[in-house]
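Here is the structure we will look at, set down as structure tokens.
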There are 2 protein chains.
Amino acid sequence: MTDNSNHFEKLLIKNGLKRTGPRLQVLDILSNRDSATSQPYLEQVMGTEVDRVTLYRVLKAFEEKGIIHKVLDNHGTANYAICSGNCNANEHHDEHVHFNCNNCKKVYCLANVQIPAFKVPAGFKVENLNLIASGICAACADKD
Amino acid sequence: MTDNSNHFEKLLIKNGLKRTGPRLQVLDILSNRDSATSQPYLEQVMGTEVDRVTLYRVLKAFEEKGIIHKVLDNHGTANYAICSGNCNANEHHDEHVHFNCNNCKKVYCLANVQIPAFKVPAGFKVENLNLIASGICAACADKD
DNA sequence: TTTTTAAATGCAACTATATTGCATTTATAT
DNA sequence: ATATAAATGCAATATAGTTGCATTTAAAAA
Ligand SMILES: [Mn+2]
Ligand SMILES: [Mn+2]
Ligand SMILES: [Zn+2]
Ligand SMILES: [Zn+2]
């Protein structure tokens with residue numbers, strides 16, 4: 001509902017995706033949240049007008065195009081967040097730390113926190129990193 | 001089938017768990033593998049003699065007692081590995097890096113690779129860390 | 001503007017993982 | 001040998017995700 005509508009429409013076109021209701025709705029929801037958004041939450045707020053399968057397909061297409069990235073939280077639930085901008089269909093650049101609050105269950109993209117380097121045993125070839133810190137988020141810590 | 005049977009029986013007793021078939025079977029399977037073991041794999045090799053629900057309950061009990069630890073791989077699938085020894089019902093100490101091979105899908109405990117420290121934004125309280133590196137494991141890299 | 005068409009959606013069916021309640025069985029203590 | 005709490009089996013249920021196919025629609029072409 002905010003007026004990023006036009007920006008989102010261009011984003012879809014740029015990626016060769018048609019400008020459809022479900023897609024714009026997903027972009028709108030994701031961009032108006034301060035944390036990553038879980039699939040169940042998306043399914044719930046999108047209501048029954050959009051089919052579950054469509055939602056899954058929208059998310060899959062966005063991920064493939066580098067528009068959003070997926071983060072599995074501590075329970076294996078899929079959470080999605082808009083990519084930082086330099087991602088595309090060929091490569092994602094979202095290797096920042098994610099924080100999963102044990103209280104409110106939110107998943108935060110700590111966009112400024114890079115995953116530190118470490119050594120792996122000989123022979124192993126690392127291609128991707130995924131670091132999830134869990135604990136209490138700033139918002140929940142305040143409520144005391 | 002190996003003769004850790006006696007050791008496992010003591011382990012169960014020590015944790016106040018009865019010495020039952022399904023439990024010994026799970027311990028036997030997990031201890032004879034070089035990587036973590038997925039729930040689906042366990043379910044498959046345990047066969048139909050043991051009910052699925054029993055397997056889930058065995059895994060849950062072991063995790064709570066600090067006998068095994070759970071690692072979710074890149075697809076959200078639960079994988080289990082025997083703990084290193086210093087874990088108990090009160091606290092787990094398995095904060096090593098895990099490696100998920102994109103080829104053979106195995107999840108390795110890199111027991112000697114600690115998760116390096118990093119800073120989080122003010123207000124966030126980190127309690128647990130989970131770092132999964134993915135790529136090609138040593139065994140798969142050899143087959144070329 | 002109308003027509004065309006590939007892309008996107010909806011719907012139904014299905015698979016897989018995981019949990020809960022309750023009846024029955026069994027490992028262990030007495 | 002018996003008692004009992006713990007463990008298991010079974011049926012039902014919940015939730016996440018996928019696939020095939022018919023229908024609709026956004027966008028390009030005429
Ligand atoms: Mn992120
Ligand atoms: Mn491990
Ligand atoms: Zn929180
Ligand atoms: Zn491998």
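Chain letters run A, B, ... following the sequence lines, proteins first and then strands; every chain starts at 1.
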Pairs under 3.5 angstrom only: tabulate donor-acceptor contacts from the side chains of residues 79-87 of chain A to other protein residues two or more places apart or in another chain.
from    : atom 1 : to      : atom 2 : distance (Å)
A:Asn79 : OD1    : A:Ser38 : N      : 3.4
A:Asn79 : ND2    : A:Asp73 : OD2    : 3.4
A:Asn79 : ND2    : A:Thr77 : O      : 3.1

Could you tell me the boundaries of the chain A footprint on DNA chain C, defined by atoms under 4.0 Å from its heavy atoms?
C:dA6 to C:dA12
For A:Asp51 and A:Val53 the tightest heavy-atom approach is OD2-N, 2.9 Å
Round to a whole Å and report the spacing from CZ of A:Arg52 to P of D:dA16.
7 Å
Heavy-atom donor-acceptor pair, A:Asn32 side chain to A:Asp28 backbone, under 3.5 Å:
yes
Return a table of donor-acceptor pairs under 3.5 angstrom between the side chains of residues 102-117 of chain A and protein atoms on other chains or two or more places apart.
from     : atom 1 : to       : atom 2 : distance (Å)
A:Asn102 : ND2    : B:Glu127 : OE1    : 3.2
A:Lys105 : NZ     : A:Asn102 : O      : 2.7

Hydrophobic clustering (ILVMFWY, side-chain heavy atoms < 4.5 Å, transitive) - are B:Val71 and A:Phe124 grouped together?
no
Report yes or no: does B:Glu63 contribute a side-chain atom to a donor-acceptor pair with the main-chain N or O of B:Ile68 at less than 3.5 Å?
no
How close do B:Ala78 and B:Leu72 get, counting heavy atoms only, and between which atoms?
CA-CD2, 3.8 Å
Per the under-4.0 Å heavy-atom filter, residues of residues 9-27 of chain B near DNA chain C come out as B:Ile13, B:Lys18, B:Arg19
Name the orientation class of the two ring planes belonging to A:His69 and A:His98 (parallel below 30°, tilted from 30 to 60°, perpendicular beyond 60°).
tilted
Counting any heavy atom closer than 4.0 Å, what does A:Gln39 reach on the DNA or RNA strands: base, sugar-phosphate only, or nothing?
sugar-phosphate
Under 4.0 Å from any atom of DNA chain C, heavy atoms only: list the residues of residues 56-81 of chain B that qualify, in numerical order.
B:Tyr56, B:Arg57, B:Ala78
Contacts of B:Arg19 that satisfy salt bridge (charged side-chain N to carboxylate O under 4.0 Å, His left out) - sequence neighbours left out:
B:Glu9
Is B:Arg57 close enough and on-axis enough to B:Phe62, meaning under 6.0 Å and within 45°, for cation-pi?
no
